Student: 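I'd like to ask you about the structure that follows.
Not measured: the values here are computed from a predicted model.
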Amino acid sequence: MAADGRWHPLIDGCPPRWATEWGQDRFGVFVGFSVGDVEQRMRWTPAGTFMMGSPEQEVGPLQNERPQHLVTISQGFWLGDAPVTQALWTAVMGDNPSAAKGDDRPVENVSWDDGQRLCAALEDHVPGLGARLPTEAQWEYACRAGTTQATYAGDLEDDRRAAVLDDIAWYSANAEGTTHPVKHKRPNDWGLYDMLGNVWEWCLDGQRLYASSPQRDPLGPMQTGAYRVRRGGSWNNNAGGVRAAYRNANFPDVRYVSLGLRLVRDQEGPAAGAAGQPAKRRT
């Protein structure tokens with residue numbers, strides 16, 4: 001166990017069996033999996049608590065972002081360090097639905113249902129990966145990375161254009177009407193890129209109504225056909241829509257040219273490296 005008593009992927013065991021690389025850098029622990037010559041890095045996100053939603057003084061909030069409330073994420077998880085790229089989507093699915101083509105751009109024009117198909121198909125390429133979409137609570141927790149302001153770079157000065165976003169996000173004021181290659185803006189403190197802007201990201205669950213009482217691993221509606229949450233804003237959003245607390249939702253079959261996804265993998269115990277061999281360690 002780590003010094004704080006929480007399970008730690010490098011202290012408590014080997015990297016996951018599906019990993020083809022692993023290591024630790026200034027952002028923390030990471031692993032990676034590969035499909036052909038396309039590699040996706042996953043960042044370790046430890047369990048913890050945070051305030052979910054927006055405070056009264058935040059610029060650009062919506063009513064569905066309140067009240068703020070304490071949320072506990074009871075288990076750590078692996079989260080993609082960037083949205084799923086077109087290269088990874090094509091390697092797994094054999095097609096590319098994106099409007100703005102580019103291997104290192106985020107895949108877009110994909111529905112929540114498409115995301116479920118991607119996760120299922122990934123199992124054929126990377127057995128045991130168990131990838132899925134993050135819950136809305138996991139997404140906001142990871143986006144904030146221990147910060148409490150509107151973005152992980154600070155609060156917005158305006159809900160249309162905000163200088164604080166230029167360093168971390170592609171949005172309407174700087175994106176020139178299209179997506180951009182991932183990992184070209186500054187990541188948050190946990191090494192996660194493009195959590196805000198570039199493309200919206202589907203979440204696993206539907207929108208729940210916020211309450212002021214503390215929550216543990218909250219989950220929104222999951223019935224078949226129900227709306228599913230999308231988070232993070234996109235290249236097509238003003239500054240007010242590119243905040244950690246901003247929420248929106250759509251039917252699971254909806255596709256937009258500004259809508260993509262990011263993968264998560266739940267915590268697991270010690271396991272051998274990929275195919276029974278030690279994974280590559282990188283620093």
Student: Can you tell me if CG on Asp124 sees more than 12 non-hydrogen neighbours from other groups inside 6.0 Å?
Tutor: yes

Student: Under a 4.5 Å side-chain heavy-atom rule over Ile, Leu, Val, Met, Phe, Trp and Tyr, are Tyr152 and Tyr171 clustered together?
Tutor: yes

Student: Are Leu261 and Val257 linked, directly or through intermediate hydrophobic residues, by side-chain heavy-atom contacts shorter than 4.5 Å (ILVMFWY only)?
Tutor: no

Student: Tell me every residue that passes side-chain hydrogen bond (donor to acceptor under 3.5 Å, both in side chains) with Asn109, counting only those two or more places apart in sequence or in another chain.
Tutor: none

Student: Looking at CG of Leu70 and CE of Met52, how far apart are the two atoms once the value is rounded to the nearest 0.5 Å?
Tutor: 12.0 Å

Student: Run the side-chain donor-acceptor check on residues 237-251: report pairs under 3.5 Å with partners two or more places apart or on a different chain.
Tutor:
from, atom 1, to, atom 2, distance (Å)
Asn237, OD1, Trp200, NE1, 3.2
Asn237, OD1, Ser234, N, 3.1
Asn237, OD1, Ser234, OG, 3.1
Asn238, OD1, Ser172, OG, 3.0
Arg243, NE, Gly240, O, 2.6
Arg243, NH1, Glu58, OE2, 2.6
Arg243, NH1, Glu65, OE1, 3.0
Arg243, NH2, Gly60, O, 2.6
Arg243, NH2, Glu65, OE1, 3.3
Arg243, NH2, Glu65, OE2, 2.8
Arg243, NH2, Gly240, O, 3.3
Arg247, NE, Glu136, OE2, 2.7
Arg247, NE, Tyr210, OH, 3.2
Arg247, NH1, Asn64, O, 2.7
Arg247, NH1, Arg208, O, 3.3
Arg247, NH2, Glu136, OE1, 3.0
Arg247, NH2, Arg208, O, 3.0
Asn250, OD1, Arg230, NE, 2.3
Asn250, OD1, Arg230, NH2, 3.1
Asn250, ND2, Tyr256, OH, 3.4

Student: Rounded at 0.5 Å granularity, tell me how far OG1 in Thr147 sits from CE in Met51.
Tutor: 13.5 Å

Student: For the residue pair Phe33 and Trp18, categorise the inter-ring angle as parallel (less than 30°), tilted (30 to 60°) or perpendicular (more than 60°).
Tutor: perpendicular

Student: Donor-acceptor pairs under 3.5 angstrom involving side-chain atoms of residues 125-133: please list them, not counting sequence neighbours.
Tutor:
from, atom 1, to, atom 2, distance (Å)
Arg132, NE, Asp266, OD1, 3.4
Arg132, NE, Asp266, OD2, 3.3
Arg132, NH1, Gln138, OE1, 3.3
Arg132, NH2, Gln138, OE1, 3.3
Arg132, NH2, Asp266, OD1, 2.5

Student: Among Arg43, Lys183, Arg262, find the residue that satisfies the salt bridge (charged side-chain N to carboxylate O under 4.0 Å, His left out) test when tested with Asp81.
Tutor: Lys183

Student: Between CZ of Arg265 and CG of Leu122, what distance do you get to the nearest 0.5 Å?
Tutor: 12.0 Å

Student: Are more than 12 heavy atoms from other residues, nucleotides or ligands located less than 6.0 Å from atom CZ of Arg160?
Tutor: no

